[in-house]
Amino acid sequence: MVQSHVVKVTPKDFFLWTGAMIAFYASVFAFVSLVFDYINYVFPDVLAQNGYYASDPYSNSISYEMAIIIVLAPLFLILIWFIRQSIAADNTRRDLWVRRWALFLTLFIAIATVAGDFISLIMYFLNGDLTMRFALKALLLFLVASGVFMHFLADLRGYWDEHAAKAHMMMWAVGVLIIATIASGFVIVGTPWQARLYRYDDQKINDMQSIQWQIVNYWQSKEKLPATLTDLQDPISGFMIPTDPQKGTAYEYRTTGANSFELCAVFNAQTRHYSAGSPLYIDNISTRPVNAPIAIGMKERKPDSWYHGVGRTCFPRKIDVDLYPPLPKNKQM
């Protein structure tokens with residue numbers, strides 16, 4: 001009776017395949033999530049407009065997904081290269097149980113993903129929610145899952161071992177795809193350096209919003225506007241006048257009337273459209289003159305406009321005395 005030869009799995013084999021599969025799954029999931037974020041950015045969901053949205057795309061999952069791809073995708077390619085070298089040196093390494101388990105598991109996940117993709121596509125179609133945003137995501141999942149299935153099915157049948165040149169071309173193609181995906185992110189959402197400038201602009205807006213309401217409180221308490229911003233300093237409440245986070249200089253402030261004033265700052269970029277599909281600071285500015293002051297507290301008003309262009313921008317404000325009347329004075333006993 002002839003006994004079949006069982007190929008022994010060495011610790012090297014086990015950790016090479018385990019590391020390669022972990023790096024592969026993490027890279028694929030990060031790639032899909034990253035492209036999903038790009039799609040969300042370009043095709044925002046208008047039904048999700050329920051508040052303010054961060055102007056810095058790198059503050060969310062994009063930076064994490066990019067980091068995973070940059071680190072783990074090359075690691076996967078390196079580990080796979082070592083695995084193919086070991087198989088080329090000893091063809092019996094193709095029959096390792098750890099290899100067959102890894103390949104069959106990947107095929108199963110790819111088939112399940114394609115099936116789930118079609119189920120979701122049909123469900124959204126029946127619900128009438130088949131948008132370009134969803135269609136692109138469904139197409140991406142189908143292409144990725146189909147590509148993974150075809151690649152690993154060919155690997156299971158020994159195709160890449162017999163065509164080593166094509167295997168190397170495939171590895172180079174994956175590398176180019178990784179670089180193109182990361183580069184596309186910089187084109188779509190901007191570079192991290194640009195994102196930092198947007199964060200500076202957002203902080204300036206937050207600071208001036210805080211100053212604005214301190215001015216309103218000051219007017220209600222004293223029935224006059226502060227002469228300078230230093231009048232708002234209050235050691236008891238702990239309020240300190242914020243300064244420009246980029247230059248460290250004071251924000252511009254001047255009174256334009258008994259209950260009107262103006263705040264100014266220098267910005268790096270124009271207010272952008274963010275993931276909600278609308279400006280971060282909303283106001284129907286087309287219905288009023290450009291330099292007309294916005295009444296703070298105006299009945300049925302929209303949120304104060306903090307829309308800005310590049311460079312020095314001023315925000316005229318006028319306090320609505322009906323909604324923000326002076327506070328009653330304490331009676332002397």
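All values reported here derive from a predicted model rather than from experimental measurement.
- In this structure, Ser86 contributes its side chain and Ile83 its backbone to a donor-acceptor pair below 3.5 Å.
- Glu65 places none of its side-chain heavy atoms less than 4.5 Å from the side chain of Phe29.
- Two residues are said to be in side-chain contact when any heavy atoms from C-beta on lie closer than 4.5 Å; Leu140 and Phe31 meet this criterion.
- With sequence neighbours left out, the ring-ring contact (aromatic ring centres under 6.0 Å, His included) criterion links Phe76 to Phe24.
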> Passes side chain to side chain contact (heavy atoms under 4.5 Å, CB included), Leu141 versus Val32? Steps please.
Replying inline: CA-CA 7 Å; Leu141 280 177; Val32 172; 3.8 Å; yes

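- Counted by atom type alone, Tyr200 and Asn268 present zero donor-acceptor pairs between their side chains at under 3.5 Å.
- Side-chain contact between Lys12 and Phe82 is absent, with no heavy-atom pair separated by less than 4.5 Å.
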> side chain to side chain contact (heavy atoms under 4.5 Å, CB included) between Phe261 and Ile319: does it pass, once the steps are laid out?
Replying inline: CA-CA 9 Å; Phe261 60 93; Ile319 301 174; 4.2 Å; yes

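- No hydrogens or angles considered: nothing links the side chains of Thr313 and Tyr307 as a donor-acceptor pair under 3.5 Å.
- If you chain together hydrophobic residues whose side chains sit under 4.5 Å apart, Val174 and Met66 fall into the same group.
- A donor-acceptor pair under 3.5 Å is formed between the side chain of Tyr253 and the backbone N or O of Pro226.
- Distance OH/Tyr198 to CD/Gln194: 6.0 Å, rounded to 0.5 Å.
- By the 4.5 Å heavy-atom criterion applied to side chains, Leu34 and Ile62 are counted as neighbours.
- In this structure, the side chains of Leu105 and Trp101 stay at 4.5 Å or more apart for every pair of heavy atoms.
- The closest side-chain donor-acceptor pair between Asp13 and Thr10 falls under 3.5 angstrom.
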Which side-chain N or O atoms in residues 177-185 pair as donor and acceptor under 3.5 Å with protein atoms at least two apart or in another chain?
from: Thr181; atom 1: OG1; to: Leu177; atom 2: O; distance (Å): 2.7
from: Ser184; atom 1: OG; to: Ala180; atom 2: O; distance (Å): 2.6

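- In this structure a side-chain-to-backbone donor-acceptor pair under 3.5 Å is missing from Lys204 to Asp244.
- The distance from the CG atom of Leu263 to the CZ atom of Phe315 is 8.5 Å, given to the nearest 0.5 Å.
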>> Please evaluate residues Trp306 and Thr271 with respect to the criterion side chain to side chain contact (heavy atoms under 4.5 Å, CB included), reporting the C-alpha separation (whole Å), side-chain torsions for both, the decisive distance (0.1 Å), and the verdict.
In response: CA-CA 9 Å; Trp306 294 100; Thr271 301; over 6 Å; no

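- A donor-acceptor contact shorter than 3.5 Å is absent between the side chain of Asp201 and the backbone of Phe267.
- Outside the 6.0 Å centre-distance limit, the rings of Trp213 and Phe239 are not counted as a close aromatic pair.
- Between Leu75 and Ser27 there is no side-chain heavy-atom pair separated by less than 4.5 Å.
- Counting only heavy atoms from C-beta outward, the side chains of Glu262 and Arg317 never approach each other to under 4.5 Å.
- Looking at heavy atoms from C-beta onward, Thr230 lies out of side-chain contact with Ile241 at the 4.5 angstrom threshold.
- For the side-chain contact (heavy atoms from CB on, under 4.5 Å) with Asp155, the lone residue among Arg94, Met150, Arg84 that qualifies is Arg84.
- Rounded to the nearest 0.5 angstrom, Phe104 CZ and Arg99 CZ are separated by 9.5 Å.
- Few gaps surround OH on Tyr25; more than 12 heavy atoms of other groups in view lie less than 6.0 Å from it.
- At least one donor-acceptor pair closer than 3.5 Å links the side chain of His308 to the backbone N or O of Ala269.
- Contacts of Phe14 classified as ring-ring contact (aromatic ring centres under 6.0 Å, His included), with partners at least two apart in sequence or in another chain: none.
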> Taking it one step at a time, do Met132 and Ile39 satisfy side chain to side chain contact (heavy atoms under 4.5 Å, CB included)?
Replying inline: CA-CA 9 Å; Met132 176 63 72; Ile39 294 173; over 6 Å; no

